[in-house]
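Whatever order the structure lists ligands and atoms in, that order sets their numbers, starting from 1.
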Amino acid sequence: MPTNTSYNKQDLKVLLLEGVHPVAEDIFRRDGYDNVTYHKTALSESELLDTIRDYHFIGIRSRSQLTESVLNAANKLVAVGCFCIGTNQVNLDAAQSRGIPVFNAPYSNTRSVAELVLGEMIMLLRGIPAKNAAAHRGEWHKSAAQSNEARGKTLGIIGYGHIGTQLGILAEGIGMKVRFFDIENKLTLGNAEQVAELNDLLSSSDVVSLHVPETPETKGMMGQTQIAQMKQDSILINASRGTVVDIDALAQALEDKRLAGAAIDVFPTEPKSNSEEFQSPLRAFDNVILTPHIGGSTQEAQENIAIEVADKMIKYSNNGSTMSAVNFPQVSLPEHDNRHRILHIHHNRPGVLTQINQILSENNVNISGQYLQTQGDLGYVVTDIEDGSSQTALDKMRQIEGTIRARILY
Ligand SMILES: NC(=O)C1=CN([C@@H]2O[C@H](COP(=O)(O)OP(=O)(O)OC[C@H]3O[C@@H](n4cnc5c(N)ncnc54)[C@H](O)[C@@H]3O)[C@@H](O)[C@H]2O)C=CC1
Ligand SMILES: O=C(O)CCC(=O)C(=O)O
């Protein structure tokens with residue numbers, strides 16, 4: 001049901017890129033946000049610089065890069081939706097300092113990734129990718145050499161989060177032993193065992209699968225040294241981020257027949273669209289499954305993501321709630337029927353709340369509810385008011401030193 005607001009929703013422009021599931025557009029339109037532009041592809045940085053200034057909301061997946069310069073040009077931007085898990089394609093600090101919350105869907109595609117990796121692992125343990133490629137060329141490789149059951153083998157998971165844990169459970173279901181390495185102490189599910197040292201995991205696993213986010217620490221974490229620590233004839237799977245594995249070092253290990261195979265879904269440089277050629281030294285290897293960053297690309301996941309992220313963006317626009325924003329103080333707000341709600345985003349420094357309340361008091365505004373949350377350098381104060389001159393109060397609040405932006409909802 002569309003909600004009444006202090007602004008005309010048709011004046012707010014929404015840009016949805018990268019073929020996010022069309023249900024996202026339906027959800028915006030159903031709520032009264034009729035001004036939606038939908039593109040199947042990503043936009044380059046220069047295209048974004050030209051375009052983004054007109055939009056209040058942008059929805060992207062992993063290809064569009066919202067750099068500091070792009071965000072600088074985004075004068076009207078209210079919120080960003082990443083229709084995926086990863087948010088490394090957005091300069092989160094730059095968005096935060098401009099008072100722009102970034103939302104994502106932290107769970108909706110995790111099962112899809114875990115299922116894909118399980119399938120790839122079984123295929124690679126049987127040597128199927130190479131036999132399949134040979135059969136396509138007319139060759140007949142009927143042999144059990146280097147073809148193994150998954151049962152009894154050890155899976156080493158790096159990053160035991162939402163995907164890693166699900167993969168662990170699925171792998172135990174087919175009789176694998178699961179070990180994992182994580183920088184946090186994790187509750188182990190099933191019979192999984194946490195190991196303290198990465199090299200212990202690498203040297204004891206028949207299959208190593210990466211499920212870490214892109215951070216300064218994970219960049220290049222599987223380099224030449226780490227790949228050399230893996231067991232002879234083991235398998236490497238990466239469906240996390242392309243920067244985590246040194247592709248040249250992996251190609252060398254495959255060339256040297258140190259590894260039996262690999263499955264790679266993410267690459268340091270990925271084509272910007274389906275019409276661009278995919279370049280990688282791994283194309284030379286029949287025993288490598290190469291997939292175009294589709295770990296989370298299932299109908300089920302994409303639809304769930306579209307619903308989750310579009311709902312979060314609309315809720316923020318209509319109501320001010322920021323629950324699960326990745327770079328913003330998180331506030332879960334009740335509805336504000338019959339009340340005006342002032343949202344004040346500011347640099348987190350002492351005295352701002354006092355000044356807000358002073359302004360409200362001076363303008364005879366009665367506060368019916370107030371919510372304050374901070375994160376890092378950012379403060380977010382939401383005030384529900386019952387009477388008095390809310391617009392005058394808002395105008396004065398905008399003058400408070402440290403204010404980034406403020407708006408009113410009714
Ligand atoms: N291929 C695809 O289509 C998809 C890829 N992804 C990628 O998978 C990543 C993981 O997803 P989730 O499991 O949902 O994330 P998560 O945040 O639930 O789990 C990540 C885990 O990695 C651990 N970790 C962080 N830094 C580490 C380090 N240096 N060494 C070891 N462990 C470390 C964390 O403590 C956490 O347990 C995402 O960040 C995203 O980049 C996610 C979905 C789809
Ligand atoms: O769907 C996409 O474009 C990217 C999926 C992904 O890598 C993620 O969710 O982090």
Gly86, any N or O under 3.5 Å of ligand 2 N or O: yes
Need the ligand 2 atom indices (1-based, order shown) with element for anything under 4.0 Å from a heavy-atom of Ser62. 2 (C), 3 (O), 4 (C)
With a 3.5 Å cut-off and no angle check, do the side chains of Ser390 and His340 form a donor-acceptor pair? yes
When only distance counts, is Gly164 in polar contact with ligand 1, meaning an N/O pair under 3.5 Å? no
Atom 37 (O) of ligand 1 sits nearest the protein heavy atom Asp182 OD2, 2.6 Å
For Gln229 and Ser203, test the side chains for any donor-to-acceptor distance below 3.5 angstrom and give the result as yes or no. no
Using a 4.0 Å heavy-atom threshold (strictly under), name the region of Val266 that reaches ligand 2: side chain, backbone, both or neither. neither
Using a 4.0 Å heavy-atom cut-off, say whether Val113 meets ligand 1 through its side chain, its backbone, both or neither. side chain
Kindly confirm or rule out an N or O of Met221 lying under 3.5 angstrom from an N or O of ligand 1. no
Under 4.0 Å from a heavy atom of Arg241: give me the atoms of ligand 2 that qualify, with their elements. 6 (C), 7 (O), 8 (C), 10 (O)
Report yes or no: is the cationic atom of Arg283 (NZ for Lys, CZ for Arg) under 6.0 Å from the centre of the six-membered ring of Phe267, at an angle within 45° of the ring normal? no
Short side-chain donor-acceptor distance under 3.5 Å, Glu18 and Ser64: yes
At under 4.0 Å between heavy atoms, which part of Asn109 makes contact with ligand 1: side chain, backbone, both or neither? side chain
Could you tell me whether Thr218 and ligand 1 have an N or O pair separated by under 3.5 Å? no
Counting only nitrogen or oxygen atoms and a 3.5 angstrom limit, does Lys186 reach ligand 1? yes
Protein contact to atom 8 (C) of ligand 2 [nearest heavy atom, distance to 0.1 Å]: Ile85 N, 3.3 Å
